[in-house]
Amino acid sequence: MGRRIVVSGGGTGIGLAAAETFAAEGDRVVILGRRAEVLRTAADKLNAAYGPDLVTWTSADLSDPEQTRRAAEFITADGGVDVVVTNAGGNVAASNDGTLEGIADQYRRNFAANVLTAVLLTEALVPHLTRPGGRIVHLSSVAALRGPGSYGGTKAALHTYTFELAKRLGPEGVTANAVAPGYVEDTEFFGERGTPEFIAQQIGQTLTGQPGTPVEIAAAIRYLASPEAAYVTGQVLHINGGAQFGR
């Protein structure tokens, strides 16, 4: 029987691609997010393609401790976890009204959506991770290196959290890493901001002249989650077509 994988934000985009990558290998996958119907549709699609009941789901706002606790209880009701992929989040507050109150709200909302969703789910599942062999993979962003501040700052916070986890859990045989994509097509990330002009500008920043794809990011997640990556921990893997050099 395959490993047990948890993917937050698993109903669409990169999260769905990651869930499919694991399901295609026969792993049992639990996908999480806020929208029950999106998760149900995704699970049904993957189960039809790769095997009945291979993918299950539960909906939760992972920035809320009690909802996260319930989700973790659902996930661990029938055993432990091998891999945690924290993909939930996004630039949920891309602008503000210029007032101090508006700026504070923007920063709080993005912190909750990107940091708390990763930290609370991870901490809820750390006691249930396989030892040795557990894997944690956080989804960061090129924005952690270059902004914008309220969103990029939250992704930079995930880097330091990744380093903390790597140091804390390394002696127990558990690794923690992050993947930081640049512009990736076929996601819901940019919403109405994703005009043809905006997309062309994003692609124009790359050295390869092409966008990233969810499948490419999922392949990197799969590697960091694999048994072969036991010597890789505390790292941030930048995947952005050269739009920003890693450091």
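This structure is a prediction, so every number in the text was calculated from the model and none was measured. Numbering of residues begins at 1 and proceeds along the displayed sequence.
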By ring-ring contact (aromatic ring centres under 6.0 Å, His included), Y161 pairs with (sequence neighbours left out) H138

Paired with L224, the side chain to side chain contact (heavy atoms under 4.5 Å, CB included) test is passed by just one of T175, V179, T233, namely V179

Close side-chain approach of F22 and I221, heavy atoms under 4.5 Å = yes

Do the non-hydrogen side-chain atoms of Y183 and V142 ever get within less than 4.5 Å of each other?
no

Margin query: Atom CG of residue position D78 - does it have more than 12 heavy atoms of other residues, nucleotides or ligands inside 6.0 Å?
Written below: yes

Value for CG (D82) from CZ (R28), rounded to nearest 0.5 Å, stands at 8.0 Å

Q | Derivation of the side chain to side chain contact (heavy atoms under 4.5 Å, CB included) call for R3 and V83 | A | CA-CA 8 Å; R3 297 181 300 167; V83 177; 3.6 Å; yes

(message) Could you tell me if the side chain of L54 sits less than 4.5 Å from the side chain of L46, heavy atoms only?
(response) no

_Test item: V174 and R131 side chains (from C-beta on) under 4.5 Å apart, heavy atoms_ = yes

Checklist entry - Taking NZ, NE, NH1 and NH2 as the nitrogens, is one of them in R69 or E73 under 4.0 Å from a carboxylate oxygen of the other? => result no

In this structure, OG of S63 is separated from CZ of R34 (nearest 0.5 Å) by 8.5 Å

Are any side-chain N or O atoms of K155 and backbone N or O atoms of N114, one a donor and one an acceptor, separated by less than 3.5 Å? no

Go through it in stages, so that I can follow the logic: the residues are I75 and L32, the test is side chain to side chain contact (heavy atoms under 4.5 Å, CB included), and I'd like the CA-CA distance, side-chain angles, deciding distance and then a yes or no. CA-CA 10 Å; I75 293 166; L32 297 88; 3.9 Å; yes

T130 side chain to P132 main-chain N or O, any donor-acceptor pair under 3.5 Å?
no

Q. Do R222 and E25 sit within salt-bridge range, that is, some charged N less than 4.0 Å from a carboxylate O?
A. yes

Taken to the nearest 0.5 Å, the spacing of K45 NZ from T41 OG1 works out to 10.5 Å

Between P211 and I203, the two heavy atoms sitting closest are CD-CD1, 3.8 Å

| said: Tell me whether R168 at atom CZ has more than 12 heavy atoms from other residues, nucleotides or ligands lying less than 6.0 Å away. | reply: yes

Between the CH2 atom in W57 and the CG atom in N47, the distance rounded to the nearest 0.5 Å is 12.5 Å

One thing to verify: whether R40 and D44 come together as a salt bridge, which I'm taking to mean a side-chain N less than 4.0 angstrom from a carboxylate O.
no

Check for a donor-acceptor pair, side chain of S140 on one end and backbone N or O of A178 on the other, with a separation under 3.5 Å. no

Here the gap from N110 atom CG to T154 atom OG1, rounded to the nearest 0.5 Å, amounts to 5.5 Å

d(T68 OG1, L62 CG) to nearest 0.5 Å is 4.5 Å

